[in-house]
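Take a look at the structure below.
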Amino acid sequence: MSVTAHMTIGGKAVFADETVSVANPARLSTEVGRYPAGTVEHAEMAVEAASAAFPQWRSTPVEERAALLVKAGALIADARPEWVELLTAENGKPLGESVVEIAMGGHAIVTYGSHPEWVGDRVVDDEQGRMVVRRQPLGVCVGIVPWNSPMILSSLKIGPALLAGNTLVIKVPEFGPLTTMQALAEIAALLPPGVLNVVSGLGPEVGRALVTHPKVRKVAFTGSTETGRLIMADAAGHLARLTLELGGNDAAVLLDDVDLSEATIARLVTGTFLDAGQICIDIKRLYVHDSRYDELVDKLRTAVDQLVVGDGARPEVTMGPINNSRQYEKVTKLLAETKEAGADCLQLGTYAEGTDVDNGYFMLPHLVLNPPDDMSIVANEQMSPILPIMKFSSDEEALARANSTEYGLGASVWSADEQRAFAIADRMEAGMTFINGHSLGALHPATPAGGTKQSGCGYEISAEAVDGYIQLQSITTKTYA
Ligand code: NAD
């Protein structure tokens, strides 16, 4: 059955003159649904609706806003089966990963709703008077999300923005936005009209119209570093504040004392191949001490070979297809170039029985053995199920090579000695640095997620994310002669 999604503007379902078809990346001849081809006018309507709703929402007591967020988060936290199936059908990820994405999004919103004190004022009373540091909302905010995890990434903007008293317009991705549009429409219906608006359409058209709108006070963007640069330049026109969660080229560094138990290997496989390598903080490069290289390759090869590739809706499938045509073209070209350059590529895994390989964006997992650091598969963000594994001979060398990128999103250090790993983690140029792990599952609601260098600025997750949606106002009774 094909789904018809709508935009949500000012509490109403809004359609456009034209619609865009969404194909199942595991069965390209099957249409999953259609969504409206939103226009610049829809972007403007959404900003106006958010602007009209702002005065009332900002003066709603924070405890009331928080209680509504708890309800909103609970609405999606139990990952309704029809949404799970829809997300898998439009995105490709296996059903279990869709459950996690939807549930994590719901829990994130509930977490913000459970902490109204994150918006609390600071009061200083002394002999000179009363000084109040108010944590005020900014106004209309815009959230722009990519195709890989649109439910989580929208939720991470909805929670802090609305808790702080802002109103919000979410621009969903061009690829696979249906589940997010349906779920967010239900959340919007719990809130006063215009507090949460959802628009769809092309990035350079609808996204850009939102970013450049003079009434927009903040843009929270998750996507590629290239688009992040354009958004930063556009936001400069009216000095909109920015949170940018951009690309990465995460390195995992395995020291000579790493514990290569089954549990570690399983964590490395999940950390690399979750969502077919298309998570921003999936492991993209692996450095292992040369004394452990053969053992690691041997064990990893056996484990990766167990991956079953196919339609994520089938229970035996552990890795789905590549999400969309643009990404598929990019990664198949990258694989061909890697092979042409003479790299030793191991193709592993198997297709689930009955997989129609020519009717989907499928790619089997690959390990690339000890390529040079300047080869594209190592040097650039790839977002694919291809993992290059390189040898190193000293901790200093590994650190230097892991840091030698303009990205600084995630990284990890793997060692039996936690103290030694901490000392190296401390010098990793990465906003999220994991020890003996490296995955979405290793993120914690109490710790901020964000990139360094060209992986972005600002934070999502945790109390610190709320700071990005707040401006401080000092109100003082201090007098002077
Ligand atoms: P993208 O930059 O092409 O698009 C992201 C979003 O921006 C889409 O909704 C798109 O429509 C919109 N957009 C495009 N051009 C725009 C413009 N000029 N103005 C306003 N909006 C515009 O990214 P993508 O290919 O959809 O996503 C993959 C990228 O996202 C990867 O680089 C990945 O690392 C990154 N990502 C980062 C994080 C993080 O937390 N740092 C999380 C997930 C994905």
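Here the structure is a predicted model, which is why all the values come from computation and not from measurement. Atoms within each ligand, like the ligands themselves, are counted from 1 in listed order. Values reported hereafter were calculated over all heavy atoms of this structure, with side chains retained and with hydrogens, waters and symmetry mates removed.
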How far is [atom] from its nearest protein heavy atom, and which residue and atom name does that atom have?
{"atom": "atom 33 (C) of ligand 1", "result": "E381 OE2, 3.5 Å"}
{"atom": "atom 35 (C) of ligand 1", "result": "G223 O, 3.2 Å"}
{"atom": "atom 20 (C) of ligand 1", "result": "G207 C, 3.3 Å"}
{"atom": "atom 28 (C) of ligand 1", "result": "M383 CE, 3.9 Å"}
{"atom": "atom 23 (O) of ligand 1", "result": "S224 N, 3.4 Å"}
{"atom": "atom 24 (P) of ligand 1", "result": "W147 NE1, 3.4 Å"}
{"atom": "atom 10 (C) of ligand 1", "result": "E174 OE1, 3.5 Å"}
{"atom": "atom 12 (C) of ligand 1", "result": "I144 CG2, 3.7 Å"}

Atoms of ligand 1 less than 4.0 Å from [X] heavy atoms?
{"X": "L409", "value": "41 (N)"}
{"X": "G247", "value": "32 (O), 34 (O)"}
{"X": "V145", "value": "6 (C), 8 (C), 9 (O)"}
{"X": "E245", "value": "37 (C), 38 (C), 39 (C), 40 (O), 41 (N)"}

Taking every non-hydrogen atom, the tightest pair across [X] and [Y]:
{"X": "T179", "Y": "W83", "result": "CG2-O, 3.6 Å"}
{"X": "L274", "Y": "D282", "result": "O-OD2, 2.7 Å"}
{"X": "V14", "Y": "I9", "result": "CG2-CB, 3.9 Å"}
{"X": "D250", "Y": "I281", "result": "OD2-CA, 3.3 Å"}
{"X": "P25", "Y": "A89", "result": "CD-O, 3.3 Å"}
{"X": "T225", "Y": "L246", "result": "OG1-CB, 3.5 Å"}

To the nearest 0.5 Å, what is the distance between [atom1] on [X] and [atom2] on [Y]?
{"X": "E245", "Y": "S224", "atom1": "CD", "atom2": "OG", "result": "13.5 Å"}
{"X": "L163", "Y": "Y469", "atom1": "CG", "atom2": "OH", "result": "11.5 Å"}
{"X": "F221", "Y": "T227", "atom1": "CZ", "atom2": "OG1", "result": "4.5 Å"}

Does ligand 1 have an atom under 4.0 Å from some heavy atom of [X]?
{"X": "P173", "answer": "yes"}
{"X": "Q278", "answer": "no"}
{"X": "F221", "answer": "yes"}

Side chain, backbone, both or neither: which applies to [X] and ligand 1 if a contact is any heavy-atom pair less than 4.0 Å apart?
{"X": "L153", "answer": "side chain"}
{"X": "T225", "answer": "neither"}
{"X": "E460", "answer": "neither"}
{"X": "E226", "answer": "neither"}

Heavy-atom neighbours of E337 CD exceed 12 at 6.0 Å = yes

Dump the intermediate steps for side-chain hydrogen bond (donor to acceptor under 3.5 Å, both in side chains) on E31 and S2, then the final yes or no.
-> CA-CA 6 Å; E31 181 178 90; S2 178; 3.2 Å; yes

Polar proximity ligand 1 side, N148 side, N/O cut 3.5 Å exclusive |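 Min N/O separation from ligand 1 is not below 3.5 Å for N148.
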
Taking K157 as the fixed residue, which of T222, N166, T243 is the one that meets the side-chain hydrogen bond (donor to acceptor under 3.5 Å, both in side chains) rule?
->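 With K157 as partner, side-chain hydrogen bond (donor to acceptor under 3.5 Å, both in side chains) holds for just one option, T222.
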
Out of [options], who is nearest to [atom] when you count heavy atoms only?
{"atom": "atom 2 (O) of ligand 1", "options": "T227, V219, I461", "answer": "T227"}
{"atom": "atom 18 (N) of ligand 1", "options": "C280, A209, P204, G410", "answer": "P204"}
{"atom": "atom 41 (N) of ligand 1", "options": "L246, D234, L202, I170", "answer": "L246"}

Return the orientation label for the H438 and F434 ring planes: parallel under 30°, perpendicular over 60°, tilted otherwise.
->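 Geometry flag for F434 against H438: tilted rings.
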
Compute both the distance and the angle, then confirm whether K453 meets the cation-pi test with Y407: under 6.0 Å from the six-membered ring centre, within 45 degrees of the axis.
->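 K453 over Y407 ring: no.
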
